[in-house]
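The block underneath contains the structure these notes are about, expressed in structure tokens.
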Amino acid sequence: MTPVLRTERLEFLPYRPQDEDAFVGLLRDADVCRWMGQELVPEPDLRALFHTILTDVYPQRRFDVWGLWLDGAYAGHAEVKKTGNVPGHELVTALAPAYWGRGLGGEVVRGLLRHAADQLGLQEAYGMVGAENTASLAMCRRLGFRHLRDVVADDGSVTKMLVVPTTTGGFAGPAPASGLAGAADPVAAAGPTPDPAPAEEPA
């Protein structure tokens, strides 16, 4: 079962039925989608995806996925899972624009790395970050991510494949002002099916 995680300021909580509107609102935000490199997903599809999390992903223990909460308010989304994008487990994060610029992105990633090491037994984790997402790339460098290769899409857009040891960096103290790959502190990841990418907040 997906466990509850806590970092300095955030709670990582498994989704509950009452969180559906918050989940949909995050992943329907144009700025979040822009940094994720995705088109806006139709609302009915996102609602179906949310129900898949509750009725399939959690019961079948397919992977860990959380809502992120700050002082009782929904702040974003996070996952650790195999996506097929990378040769291992990918970190996926997304923060709502209202929470960009507070250093929460790095805090989320460090929390995911700690979970990956302590609970999943992983020695490394991956991130996919758009080449134009300079804030996320800078955050990833601070956290010890190493560039593996560029992935070029059919439209010519470039995504950086990154890897980091799960034991890298400290888990105490304030986090850098960023998220992980994909969006500017938004995250980069939508949910279990669209295989989101980690994202970050604009610096």
Side-chain angles (χ1 to χ4, degrees), residues 1-7 10-20 22-24 26-27 32-33 36-38 41 45-69 74-96 104-129 136 140 143 145 148 151 159 161-168 171 179-183 185-200:
M1 179 176 179
T2 295
V4 172
L5 307 179
R6 290 182 175 83
T7 59
L10 294 165
E11 283 189 300
F12 295 52
L13 302 178
Y15 280 108
R16 306 156 297 178
Q18 60 266 38
D19 301 330
E20 180 176 344
F23 172 88
V24 171
L26 174 70
L27 298 176
V32 172
C33 289
M36 288 168 58
Q38 295 183 358
V41 176
D45 293 351
L46 288 175
R47 293 193 182 279
L49 179 59
F50 184 81
H51 287 286
T52 298
I53 294 174
L54 298 185
T55 61
D56 182 61
V57 173
Y58 287 149
Q60 299 299 321
R61 299 184 178 181
R62 296 190 183 281
F63 57 87
D64 292 324
V65 52
W66 301 266
L68 302 172
W69 298 83
Y74 182 75
H77 175 90
E79 306 176 12
V80 179
K81 68 180 182 182
K82 291 185 176 180
T83 62
N85 296 327
V86 298
H89 284 71
E90 187 174 345
L91 307 182
V92 173
T93 72
L95 288 177
L104 293 171
E107 187 171 327
V108 173
V109 174
R110 289 201 299 255
L112 292 178
L113 287 173
R114 182 171 56 194
H115 172 71
D118 295 349
Q119 303 300 321
L120 303 180
L122 302 180
Q123 295 184 342
E124 61 185 14
Y126 294 81
M128 299 290 288
V129 184
S136 289
C140 289
L143 292 177
F145 281 79
L148 288 180
V151 178
T159 300
M161 181 186 294
L162 310 174
V163 64
V164 64
T166 57
T167 54
T168 193
F171 293 112
L180 173 57
D185 207 20
V187 177
T193 303
D195 287 334
E200 194 235 73

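Computed from heavy atoms alone, side chains included, the values below leave out hydrogens, waters and symmetry copies. If you read the sequence from its start, that first residue is 1, and numbering goes on from there.
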To the nearest 0.5 Å, how far apart are [atom1] in [X] and [atom2] in [Y]?
{"X": "T55", "Y": "Q60", "atom1": "OG1", "atom2": "CD", "value": "9.5 Å"}
{"X": "E20", "Y": "I53", "atom1": "CD", "atom2": "CD1", "value": "10.0 Å"}
{"X": "Q119", "Y": "D64", "atom1": "CD", "atom2": "CG", "value": "9.0 Å"}
{"X": "N85", "Y": "T159", "atom1": "CG", "atom2": "OG1", "value": "9.0 Å"}

> More than 12 heavy atoms of other residues, nucleotides or ligands under 6.0 Å from CZ of R61: is that the case?
Replying inline: no
> Angle class for the F23/F50 ring planes (parallel below 30°, perpendicular above 60°, tilted otherwise)?
Replying inline: tilted
>> Angle between ring planes, Y15 versus Y74, binned at 30° and 60°: parallel, tilted or perpendicular?
In response: tilted
[X] to [Y] - nearest heavy-atom pair and separation:
{"X": "E90", "Y": "M128", "value": "OE2-CG, 3.4 Å"}
{"X": "H115", "Y": "W66", "value": "CD2-CH2, 3.6 Å"}
{"X": "E79", "Y": "H77", "value": "OE2-NE2, 2.6 Å"}
{"X": "P14", "Y": "D19", "value": "O-OD2, 4.3 Å"}
{"X": "T166", "Y": "A125", "value": "CG2-N, 4.1 Å"}

